[in-house]
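Every heavy atom of this structure was used, including side-chain atoms; hydrogens, water molecules and symmetry mates were not.
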Amino acid sequence: MARNIFAETPLTALMNQPPLGARPPAESATPTAEGPGRTLEDAFGEIASQTQVPVNLLLALEEASPTGDPNASVQRAQQSAARLQAIIASGTPIEQALAQELGDPARSTAILNRAYDLADMLYPRPDPNADNSGLENAARTFTGSVVRGVGGAVEAVGRAADMVNPLEQIKRVTGFTEKGETGPAESLLRPAADAVRGFGEDIRAGISREAQKAIEDSTPGGSIFEPSTWTLGKNPSLKGYSHLALDVFGSLAPVVVVGMLTRSPGAGAAVGGAMGGGAGAETARDLVDAAAKDIGEDGVSRLERESPFYRRLLAEGLPPEEALARTQEAASQLAFTFTTPISAFGGAATTKILTQPAGAIARQNLAGRVAGTAALSGLEEGVQEVAESLATRTGTAAATGLDLNIAEDTFGDFLLGALGGAPVGAAAGAASKREQPPGPTIDPNQQIPGAGGSSAGAAPVAPESPVPFSGAAGAT
């Protein structure tokens, strides 16, 4: 696997520097890193003031390809900034200007993302949601998850409709129609699905940074098949796990609501399959996008190195952005196909567990029904999450050729699935009625011997004659 260009940074000493906007523009000639107390950021700050190219972008460029010589770094930054300044002056957005300067859109995107991260670290802004109550943060986590799940279901409906015409799927993946024209790279209803998911993301983005940090630090990971890799997170906390459980419960809520209202496993299967399949398609796109942003020391993305499908599209003349979109679509299609049946089965199982509990559990007292249904629902949801993750990553790898760890983070999937499913099961168990054990069955027409009749076909039974009195004992 390629080295992450941002994993090791020589710029950690710059993290506590004040904003460059407070510094006066430099009036000297080309800045240098020499001088008492000067840092690389000082020099880059002067370049940024002269060229209007953000200093965090210059720092990200240096991180991506460090020279090892401060003066050489400053000289290179001066040259890069001058070229970017000229491109931007023509009206080109900075994102496009950087892609033009580097000649590699994927690498440009990775560097821009790092530049945004550096801006957040160098110049932290006040948290606009710092005054959120715990209840508001929890509500946003849950509601955002519900809305995102609905967005996945919208995409799934479009993909199911696509399957009626496989030729259209082929066109989207290959990028060419029968006339050699470029076709659309999105499935039916994908724009609508992305709009709904974006609304869910906006809701979730409103939680406080403290809550976001608790979630990040509490996210479990590791392969479920390798106990030595299991982790509960960098710094697990009750707050973090509460939000994670709410997130899972939010994605499960539509299945639960539909199942409880209809009491039909078929309805649960339809909703579960749609939401799980749509989520699988989105995850596949994210996996491909991450591979495109993973740039090696040679400047080549992991996607280009590992994916024959992506390389073939490039060889056929598609620009990198279009080839990436086609590769994401291919991965989404197969991940959706692999994941949907598992999600549908899980939706049916969830509905069955919540509305028609197993006889052994239904005959327990209240505590037994609560505990039994919670355990069964948690186990089912945990196993389902693992199976969905395996299916999604397997489909993505098969479609693209990426070398993925199929079981990555499946321990976390199981744990979070169980945390989300158990409370739902407990609530269903508490609301259920105790089932009485079946009693003996009696045929009302059966006659009881000696009670005014005899069984059909049986000879009447004569009453037993009394033993005659024989006198005193021992009489002859």
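- Minimum interatomic distance between L324 and A292 (heavy atoms only, all atoms of both residues): CD1-CB, 3.9 Å.
- Side chain of S377 to main chain of G421: a donor-acceptor pair is present (N/O by atom type, distance under 3.5 Å, no hydrogens or angles).
- At a threshold of 4.5 Å between non-hydrogen side-chain atoms, the residues L416 and E385 do not count as touching.
- Remark: F142 pairs with F249 by the ring-ring contact (aromatic ring centres under 6.0 Å, His included) rule, at least two apart or across chains.
- For the residue pair E95 and S108, no side-chain donor N or O sits within less than 3.5 Å of a side-chain acceptor on the partner.
- The list of ring-ring contact (aromatic ring centres under 6.0 Å, His included) pairs with a residue in residues 313-349, not counting sequence neighbours, is empty.
- Taking the charged nitrogens against the carboxylate oxygens, R76 and E62 do have a contact shorter than 4.0 Å, which makes a salt bridge.
- Counting only distance, with no hydrogens or angles, the side chain of T410 and the backbone of A407 share a donor-acceptor pair below 3.5 Å.
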For this session: Let me see the working for L98 and L112 under side chain to side chain contact (heavy atoms under 4.5 Å, CB included), right down to the final yes or no.
Result: CA-CA 8 Å; L98 183 62; L112 276 173; 3.6 Å; yes
For this session: Apply side chain to side chain contact (heavy atoms under 4.5 Å, CB included) to the pair S218 and N235, showing each step before the final yes or no.
Result: CA-CA 6 Å; S218 300; N235 185 24; over 6 Å; no
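- With no hydrogens or angles considered, a side-chain donor-acceptor pair links D413 and S389 at under 3.5 Å.
- Taking each heavy atom of V53 and A81 in turn, the nearest pair found is CG2-O, 3.6 Å.
- Under a 3.5 Å cut-off, the side chain of S65 and the backbone N or O of L61 do not form any donor-acceptor pair.
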Exercise. Given the rule in the side chain to side chain contact (heavy atoms under 4.5 Å, CB included) test, do L232 and L415 qualify, once you have shown the distances and angles that lead to the verdict?
Worked result: CA-CA 9 Å; L232 297 179; L415 184 59; 3.6 Å; yes
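- Side-chain atoms of E216 and Q212 include no donor-acceptor pair closer than 3.5 Å.
- Looking only at distances, no side-chain donor or acceptor of T400 sits under 3.5 Å from a matching main-chain atom of A331.
- Taking 4.5 Å as the limit, every side-chain heavy atom of N56 sits out of range of all side-chain heavy atoms of F44.
- With a 4.5 Å cut-off on side-chain heavy atoms, L287 and L404 count as touching.
- Between R311 and E306 there is no salt bridge, since no side-chain N of the basic residue sits under 4.0 Å from a carboxylate O of the acidic one.
- How far CD1 of I88 is from CD1 of I94: 4.0 Å, rounded to the nearest 0.5 Å.
- Of all non-hydrogen atoms in G401 and P308, the two that sit nearest each other are CA-CD, 4.1 Å.
- A donor-acceptor contact under 3.5 angstrom links the side chains of Q333 and E329, judged on distance only.
- One side chain, N137 or S208, offers a donor N or O that lies under 3.5 Å from an acceptor on the other.
- Of the possible polar contacts, none joining the Y241 side chain to the P236 backbone as a donor-acceptor pair under 3.5 Å is found.
- In this structure, D294 contributes its side chain and S301 its backbone to no donor-acceptor pair below 3.5 Å.
- Listed for the S242 side chain is a donor-acceptor partner under 3.5 Å among the backbone atoms of L238.
- T392 and T339 are linked by a side-chain donor-acceptor pair at a separation below 3.5 angstrom, with hydrogens and angles left out of the test.
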For this session: Please assess R209 against N129 for the test side chain to side chain contact (heavy atoms under 4.5 Å, CB included), listing each intermediate value before the final yes or no.
Result: CA-CA 7 Å; R209 289 181 190 166; N129 306 310; over 6 Å; no
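- Summarising the geometry of A153 relative to M275, their closest heavy-atom pair is CB-CG, 3.9 Å, with the distance given to 0.1 Å.
- Of all heavy-atom pairs between A330 and A399, the closest is O-CB, 3.6 Å.
- Looking at heavy atoms from C-beta onward, N113 lies in side-chain contact with K293 at the 4.5 angstrom threshold.
- From T327, atom OG1 reaches atom CD of E304 across 10.5 Å, with rounding to the nearest 0.5 Å.
- Two residues are said to be in side-chain contact when any heavy atoms from C-beta on lie closer than 4.5 Å; L118 and E63 meet this criterion.
- Two residues are said to be in side-chain contact when any heavy atoms from C-beta on lie closer than 4.5 Å; Q50 and Q78 meet this criterion.
- Residues I406 and R393 approach most closely at O-CD, 3.3 Å, considering heavy atoms.
- Side-chain atoms of S307 come within 3.5 Å of backbone N or O of Y310 as a donor-acceptor pair.
- Contact of the L84 side chain with the T51 side chain is not registered, since no non-hydrogen atoms from C-beta on lie closer than 4.5 Å.
- Distance OG1/T143 to CG/L246: 9.5 Å, rounded to 0.5 Å.
- When only modelled atom types and interatomic distance are considered, S343 and E388 share a side-chain donor-acceptor pair under 3.5 Å.
- Every pair tested for ring-ring contact (aromatic ring centres under 6.0 Å, His included) that includes a residue from residues 189-227 fails, sequence neighbours excluded, so the list is empty.
- In terms of modelled atom types and a separation under 3.5 Å, the side chain of T229 and the main chain of S223 share a donor-acceptor contact.
- Checked by atom type and distance alone, the side chain of R204 never pairs as donor or acceptor with a backbone atom of G144 at under 3.5 Å.
- Note that the CD atom of E210 and the OG atom of S237 stand 9.0 Å from one another [nearest 0.5 Å].
- Here the straight-line distance linking atom CG of L419 with atom CZ of F414 works out to 9.5 Å at 0.5 Å rounding.
- Looking at K213 and D217, a side-chain N of the basic residue comes within less than 4.0 Å of a carboxylate O on the acidic one, giving a salt bridge.
- Using a 4.5 Å heavy-atom cutoff, the side chains of R285 and R190 are in contact.
- Rounding to the nearest 0.5 Å places CZ of R197 at 14.0 Å from CG of D202.
- R312 and E316 are joined by a salt bridge, as a carboxylate oxygen and a charged side-chain nitrogen come within less than 4.0 angstrom of each other.
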